[in-house]
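One-based numbering along the sequence shown.
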Amino acid sequence: MIENMHTGLAGYLRRTGMETGDEREDGGMVLVVDGQYRVYCHPAPGRALVLEARLARLPEDGAAADALLAAALLAAAPRLAPHAQALALAPDGAALLLQQWLGADGSVAEFEKGLEDFINAIGYYHTLPGMG
């Protein structure tokens, strides 16, 4: 399995000896970083990789969900240009996600830098009310 995955991720797993649990149907896996951050790594076209984390479950109340989304987008605005992460909605529309794309066959160092930036972004969003 490790032979067919993103080069940087495979090297990172070999170097750290990190357990990832079962591979998912789409070829993705979950990394637990620092015992608290769950990062879903899933393949993208052309051997690229997407890092993804759920930031918050959206409230069922429409107005409360809109308020949470508005606050998240306002907090995201100054981060758009200097950072690689983007906010997204889960396919079912029930959760706010953070995603980051990593280019195909990036090195272990590039993967580690991308993962570090991603974890820092999760921490940033978790400081907002209603997140984390």
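Counting heavy atoms from C-beta outward, V32 and Y37 have side chains that stay 4.5 Å or more apart. Q99 has its side chain out of reach of Q85: every pair of non-hydrogen atoms, C-beta onward, lies at least 4.5 Å apart. Counting heavy atoms from C-beta on, the side chains of Y12 and L31 come closer than 4.5 Å. Between L98 and R54 there is no side-chain heavy-atom pair separated by less than 4.5 Å. You'll find the side chain of L51 stays beyond 4.5 Å of the side chain of H42, heavy atoms only. Side-chain contact between L55 and L87 is present, with at least one heavy-atom pair separated by less than 4.5 Å. Side-chain contact check for Q100 versus L49: every heavy-atom pair is 4.5 Å or farther apart. Between L69 and L96 there is a side-chain heavy-atom pair separated by less than 4.5 Å.
Here L68 contributes atom CG and D61 contributes atom CG; the two are 11.5 Å apart, rounded to the nearest 0.5 Å. Atoms CG and CG, from L89 and L58 in turn, are 6.5 Å apart once rounded to the nearest 0.5 Å. Between F118 atom CZ and C41 atom SG the span is 8.5 Å, to the nearest 0.5 Å. Distance check, rounded to the nearest 0.5 Å: CG of L102 to NE2 of H6 gives 5.5 Å.
The hydrophobic clustering, which links ILVMFWY residues whose side-chain heavy atoms are closer than 4.5 Å, places I119 and M131 together. Put simply, V39 and L9 are part of the same group of oily side chains (I, L, V, M, F, W, Y) that touch within less than 4.5 Å, one to the next.
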Checklist entry - So M29 and L13, side-chain contact (heavy atoms from CB on, under 4.5 Å) or not? Walk me through it. => result CA-CA 11 Å; M29 65 184 61; L13 293 174; 3.8 Å; yes
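Remark: the backbone N or O of Q36 is not paired with any side-chain donor or acceptor of D34 at under 3.5 angstrom. Remark: the backbone N or O of S107 is paired with a side-chain donor or acceptor of E110 at under 3.5 angstrom. Judged by distance alone, the side chain of Y124 and the main-chain N or O of A75 form a donor-acceptor pair under 3.5 Å.
Across A104 and G46, no two heavy atoms sit closer than the pair CB-O, 2.9 Å. Minimum heavy-atom separation, R15 to V108: NE-CG1, 4.4 Å. Between Y125 and A72, the shortest heavy-atom contact is CE2-O, 4.1 Å. Across every non-hydrogen atom of A121 and R79, the tightest pair is CB-NH2, 3.4 Å. Closest approach of P59 and A65 over heavy atoms only: O-CB, 3.5 Å. Minimum heavy-atom separation, G28 to P43: N-CD, 3.8 Å.
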